[in-house]
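So the structure is just underneath, and the comments pick up after that.
The figures here come from the full heavy-atom set of this structure, side chains too, leaving out hydrogens, waters and symmetry mates. Remember, predicted model here, so these are calculated numbers, not experimental data.
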Number of protein chains: 2
Amino acid sequence: MTRLELVRKFRQHGYKITPQRRAILGVIAGPISHPTAEEIYELVRERMPDTSLATVYNTLRELVTIGEAYELILDCGVRRYELTGTKHAHLVCLQCGRIQDLFVNWAELESLLCPQDGFRPVRYDVTIYGYCADCASPPEGGLC
Amino acid sequence: MTRLELVRKFRQHGYKITPQRRAILGVIAGPISHPTAEEIYELVRERMPDTSLATVYNTLRELVTIGEAYELILDCGVRRYELTGTKHAHLVCLQCGRIQDLFVNWAELESLLCPQDGFRPVRYDVTIYGYCADCASPPEGGLC
DNA sequence: CTCACTGCAAACTATTTGCATCGTA
DNA sequence: TACGATGCAAATAGTTTGCAGTGAG
């Protein structure tokens, strides 16, 4: 999903497009993955120094509302955002905090997780905490 | 895991057992499932009115530290606690907020989620958001 | 030209911490 | 008796809200 596509989605839902929103959408459509609101704020301010954190939060909330983004809440309580797209699981490194996407056979996963008692699933959240290749052994400390 | 077993675990780790901790452990070992810190606090105060919320938070943190409890953070940001035990997934109702445990073939799940790139998994968090049997159709509003 | 969006600062909520006192081991 | 645990209140962190001014459509 490019920035322009996100802008179009925003307009479709009756939201106005301001320079601030354009910049925010540009950041989340960009290369940094799973940013926090604060990280988006810092990056946006490099190009739009007059943007407020409140506007970042508002725009993120709207993105989530129109179904174009997910808000991930990690074990440590940190909230991170990512665009809605291909279904995948998350690998969270307990040492460096990095998040990787793990693409799996989602249909098989859903069939395995099928609830029996009338529960109607809407969204699956699968997160694996552990240590990434670069942090192979669990040293003291840890980011999360 | 009964309250007495939790008390024993606490002692094993060098923690002292106070009446407040005994009451808190009694509540999380009791019938209410996946309580919040606040819910535990209210229940504890029915029997120990001189317990502070800070003590509840401290005790919960210690339980998590010694590996006897998990802290679940839901989509809406609410933190809930449950004792470590059999591995299971969680079903969270978007309408009433109720959480149910879903027992699945965990070995199969782990093999399906096996990361390829040197990531060493420690803990799997599988949560399914949807609507429970009692809230079958998604009305407006929603608790989370 | 209108009203949604903005920045700023204040408000809020959930959790943590500092400190003098208490009570378990 | 010693020192870990406690209650209280203040501090903190992250997010939301109120409001008057601004600018997109």
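- Residue contacts for A:P19: at a heavy-atom cut-off of 4.0 Å it reaches the sugar-phosphate backbone alone, with no base atom in range.
- As a whole-Å value, the separation of A:R79 CZ from C:dT13 P is 14 Å.
- Between D:dG25 and A:R11, a contact under 4.0 Å exists linking OP1 or OP2 to a side-chain N or O.
- Backbone-only engagement by A:Q20 is indicated by non-hydrogen atom pairs under 4.0 Å involving sugar-phosphate atoms exclusively.
- For the pair A:L53 and B:L53, both in contact range of DNA chain C, the more 5′-proximal nearest nucleotide belongs to A:L53.
- Picking from D:dA24, D:dG7, C:dT17 the nucleotide with the shortest atom distance to the side chain of A:K16 gives D:dA24.
- The phosphate of C:dT6 (OP1 or OP2) has a side-chain N or O of A:T18 nearer than 4.0 angstrom.
- In the model, A:E82 has a side-chain atom that pairs as donor or acceptor with a side-chain atom of A:H90 under 3.5 Å.
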Salt bridge (Lys or Arg N to Asp or Glu O under 4.0 Å) between A:R61 and A:E71: does it pass, once the steps are laid out? CA-CA 9 Å; A:R61 174 147 26 86; A:E71 182 185 61; over 6 Å; no
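- Judged by the 6.0 Å distance and 45° axis criteria, B:R22 is not positioned over the aromatic ring of B:F10.
- The nucleotide whose nearest atom lies closest to any side-chain atom of A:N58 is, among D:dG7, D:dT17, C:dG7, D:dT17.
- Atom-to-atom, CG of B:L60 to P of C:dT17 comes out at 15 Å; the value is rounded to the nearest Å.
- The main-chain N or O of B:A69 is found under 3.5 Å from a side-chain atom of B:T84 such that the two form a donor-acceptor pair.
- When distances run from any side-chain atom of A:A37 to the nucleotides D:dG7, D:dA24, D:dT15, the shortest one goes to D:dT15.
- Positionally, the nearest nucleotide of DNA chain C for A:T59 lies more toward the 5' end than for the other of A:T59 and B:Y57.
- The residue among B:R21 and B:A54 whose nearest nucleotide of DNA chain D is located toward the 5' end is B:R21.
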